[in-house]
Amino acid sequence: MRLGTVRRDGTTQAFRQEGGRTVYLPVPDVGALLAGGDLGLPGEPGPEPAPEQLLTPVLRPGKILCAGLNFYDHAEEVGQEIPQHPTIFAKYANALIGPTDPIAMPEESEKIDWEAELVAVIGTAVRHATPEQARAAIAGYTIMNDISVRDWQGRTSEWFQGKNFDRTTPVGPVVVTPDEVDPEAGLAIRCTVDGVRHQDSATDRMIFSAVDLVEYLSRFMTLEPGDLVACGTPAGVGLAKKPRRIWLKDGQEVVTEIEGIGALRNVCTPAEELPPLGA
């Protein structure tokens, strides 16, 4: 099953796809669908949405929790020790954009980097989870590119400010349920910039699996339907390129793909050329 959110008839609407059939649902997004607890909610059959109609599946997640340094090869390329516990930071909904929306390139920085990531989408509330309960709490998986403003990220030991610039983080295109994709089996994960592949790895190379992360997070906080858990990026980021670092530039297209889920296609666009957030 694939779940998504579109802009349709002047509003937003969730949809479900199974067996080649698209059904539009009477809720505004996947977050509302998960909160209602019924993925089989009746709806209206319709055409498959065009890519440009797609929005980020959960429009305003209650929590966006992200794991840093969670691939062995990425920790090695940036010279960090393998963490004993997950390294967690948070994002907010202002940073999120849809799967084909422009990435708003902030004028405050020229050191902007790509980070392809798998995201677990929480389907049921969970606290103090066992591994089995953590697995059951995951409604499905989607894709994120954790576009990072590296000079702001490095201003202090806390990464928050480099991870939360407005409209920099594409998420989507859909949420795919665990019966269709299994990250622990090793889904290919890739990022290309203007057709040049920079990241090429698999989701079974993570230090902490998506289930591990959900179990860990649930030890100190309740995870709720629609929350996003981003699982970290593999090697190949611009920060670690040698002999010199490489940064994103205006006009470049960033394509982020995970096997079995789909792709994000976003063009880097000066933030000042975009309408104000919420307009």
What closest approach, in Å, do Leu264 and Pro173 show between heavy atoms, and which atom pair accounts for it? CD2-N, 3.8 Å
Looking at Thr87 and Ala67, would you say the former's side chain and the latter's main chain have a donor-acceptor pair under 3.5 Å? no
Apply the side-chain contact (heavy atoms from CB on, under 4.5 Å) test between Pro183 and each candidate in Ile138, Ile261, Leu118; give the one that qualifies. Leu118
Examine distances only and state if a side-chain atom of Asp227 and a backbone atom of Leu223 form a donor-acceptor pair shorter than 3.5 Å. no
Any side-chain heavy atom of Asn266 within less than 4.5 Å of one from Glu253? no
Minimal heavy-atom distance between Gln161 and Phe165, with the atoms involved, is O-CE1, 3.3 Å
Leu65 and Ile143: same hydrophobic cluster, using ILVMFWY side-chain contacts below 4.5 Å? yes
How many angstroms lie between OH in Tyr92 and CD1 in Ile64, if you round to the nearest 0.5 Å? 9.0 Å
Above 12 or not: heavy atoms from other molecules or residues under 6.0 Å from CD of Glu272? yes
Determine, stepwise, if the pair Val121 / Tyr141 fulfils side chain to side chain contact (heavy atoms under 4.5 Å, CB included). CA-CA 6 Å; Val121 182; Tyr141 298 94; over 6 Å; no
Main-chain N/O of Gln13 paired to Arg8 side chain as donor or acceptor, under 3.5 Å: no
Does Thr142 reach the main-chain N or O of Val174 with its side chain, forming a donor-acceptor pair under 3.5 Å? yes
Given salt bridge (Lys or Arg N to Asp or Glu O under 4.0 Å), test Arg2 with Glu48 step by step and report yes or no. CA-CA 12 Å; Arg2 302 167 80 83; Glu48 181 176 358; over 6 Å; no
Could you walk me through whether Cys231 and Glu117 pass the side chain to side chain contact (heavy atoms under 4.5 Å, CB included) test, one step at a time? CA-CA 6 Å; Cys231 298; Glu117 305 205 10; 5.6 Å; no
So, the side chain of Arg16 versus the backbone of Leu41: is there a donor-acceptor pair under 3.5 Å, distance only? yes
Do the non-hydrogen side-chain atoms of Glu132 and Arg135 ever get within less than 4.5 Å of each other? no
Does one hydrophobic cluster hold both Leu59 and Val171, with members joined at side-chain heavy-atom distances below 4.5 Å? no
Is the backbone of Val267 close enough, under 3.5 Å, to the side chain of Thr269 for a donor and an acceptor to pair up by distance? yes
Could you see if Leu3 belongs to whatever hydrophobic cluster contains Ile122? Use Ile, Leu, Val, Met, Phe, Trp, Tyr and a side-chain cutoff under 4.5 Å. no
Compare every heavy atom of Trp152 with every heavy atom of Ser109, then report the nearest pair and how far apart it is. CB-CD1, 4.4 Å
Would you indicate whether the side-chain heavy atoms of Asn70 and Leu213 approach each other to under 4.5 Å? yes
Can you tell me how far the CD atom of Gln80 sits from the NE2 atom of His74, to the nearest 0.5 Å? 9.0 Å
Answer yes or no: is there an ion pair linking Asp146 with Lys91, defined by an N-O contact shorter than 4.0 Å? yes
Indicate yes or no: at least one non-hydrogen side-chain atom of Trp114 is less than 4.5 angstrom from one of Ile246. yes
Hey, mind stepping through Arg60 and Asn94 against side chain to side chain contact (heavy atoms under 4.5 Å, CB included) and telling me if it holds? CA-CA 8 Å; Arg60 297 199 66 84; Asn94 278 12; 3.9 Å; yes
Rounded to the nearest 0.5 Å, the CE atom of Met1 sits from the CD atom of Glu18 at a distance of 4.0 Å
Closest non-hydrogen atoms of Ala263 and Val255, given as atom of the first, atom of the second and distance, are CB-CG1, 4.4 Å
Does the side chain of Asp179 pick up a donor-acceptor pair with the side chain of Thr177 at under 3.5 Å? yes
Inter-residue atom distance Thr168.OG1 - Leu96.CG, 0.5 Å rounding: 8.5 Å
Spell out, as yes or no, whether a donor-acceptor pair under 3.5 Å connects the side chain of Gln53 to the backbone of Ala50. yes
Give a yes or no on this: more than 12 heavy atoms of other residues, nucleotides or ligands lie within 6.0 Å of atom CD of Glu52. yes
Any pair with a residue in residues 27-45 that passes side chain to side chain donor-acceptor pair (under 3.5 Å), sequence neighbours left out, goes on the list, sorted by first then second residue, please. none
Under a 3.5 Å distance rule, please check whether Gln153 uses its side chain to pair with a backbone N or O of Gly162 as donor and acceptor. no
Is it true that the NZ or CZ of Arg205 lies under 6.0 Å from the centre of Tyr72's six-membered ring and within 45 degrees of the ring axis? no
Please work out whether the ring planes of Tyr24 and Phe15 are parallel, tilted or perpendicular, with thresholds of 30° and 60°. tilted
Nearest heavy-atom approach of Leu54 to Pro49 is CD2-CG, 4.1 Å
Are the side chains of Arg167 and Asp101 in touch, meaning some heavy atoms are under 4.5 Å apart? no
Closest non-hydrogen atoms of Ala104 and Leu274, given as atom of the first, atom of the second and distance, are CB-CD1, 3.7 Å
Salt bridge check, Glu115 against Arg150: does any charged N sit closer than 4.0 Å to a carboxylate O? yes
Atom CD of Glu107 and atom CG of Asp250: how far apart are they, to the nearest 0.5 Å? 11.0 Å
Is there a donor-acceptor pair closer than 3.5 Å between any side-chain N or O of Thr5 and the backbone N or O of Pro57? yes
Spacing of CG belonging to Asp194 relative to CD belonging to Gln252, to within rounding of 0.5 Å: 4.5 Å
Would you find more than 12 non-hydrogen atoms of other residues, nucleotides or ligands less than 6.0 Å from Glu76 atom CD? no
Polar side-chain atom of Asp73 near backbone of Pro234 as donor-acceptor pair, under 3.5 Å: no
More than 12 heavy atoms from other groups under 6.0 Å of NZ on Lys63: yes
Looking at Arg7, I'd like to know if its CZ atom is crowded, meaning that more than 12 non-hydrogen atoms belonging to other residues, nucleotides or ligands lie closer than 6.0 Å. no
What verdict does the salt bridge (Lys or Arg N to Asp or Glu O under 4.0 Å) test give for Asp200 and Arg190, after you've listed the backbone C-alpha separation in whole Å, the side-chain angles of each residue and the deciding distance to 0.1 Å? CA-CA 5 Å; Asp200 191 351; Arg190 304 184 181 98; 3.4 Å; yes
Decide side-chain hydrogen bond (donor to acceptor under 3.5 Å, both in side chains) for Gln199 and Thr233; before the verdict, give the C-alpha distance in whole Å, the side-chain angles of both, and the deciding distance to 0.1 Å. CA-CA 9 Å; Gln199 293 184 287; Thr233 199; 2.8 Å; yes
Verify the neighbour count for atom CD of Glu158: are there more than 12 heavy atoms of other residues, nucleotides or ligands below 6.0 Å? no
For a 4.5 angstrom cut-off between non-hydrogen side-chain atoms, does Ile112 reach Pro106? yes
Between Glu184 and Thr203, do the side chains contain an N or O donor and an N or O acceptor separated by less than 3.5 Å? no
Mind checking whether Arg21 and Val23 have side chains closer than 4.5 Å, heavy atoms only? yes
Same cluster for Met206 and Val229 if Ile/Leu/Val/Met/Phe/Trp/Tyr side chains link at under 4.5 Å? yes
If you group Ile, Leu, Val, Met, Phe, Trp and Tyr by side-chain heavy-atom gaps below 4.5 Å, do Val211 and Ile88 land in one group? yes
If we only count heavy atoms from C-beta on, is the Leu248 to Ile147 side-chain gap below 4.5 Å? yes
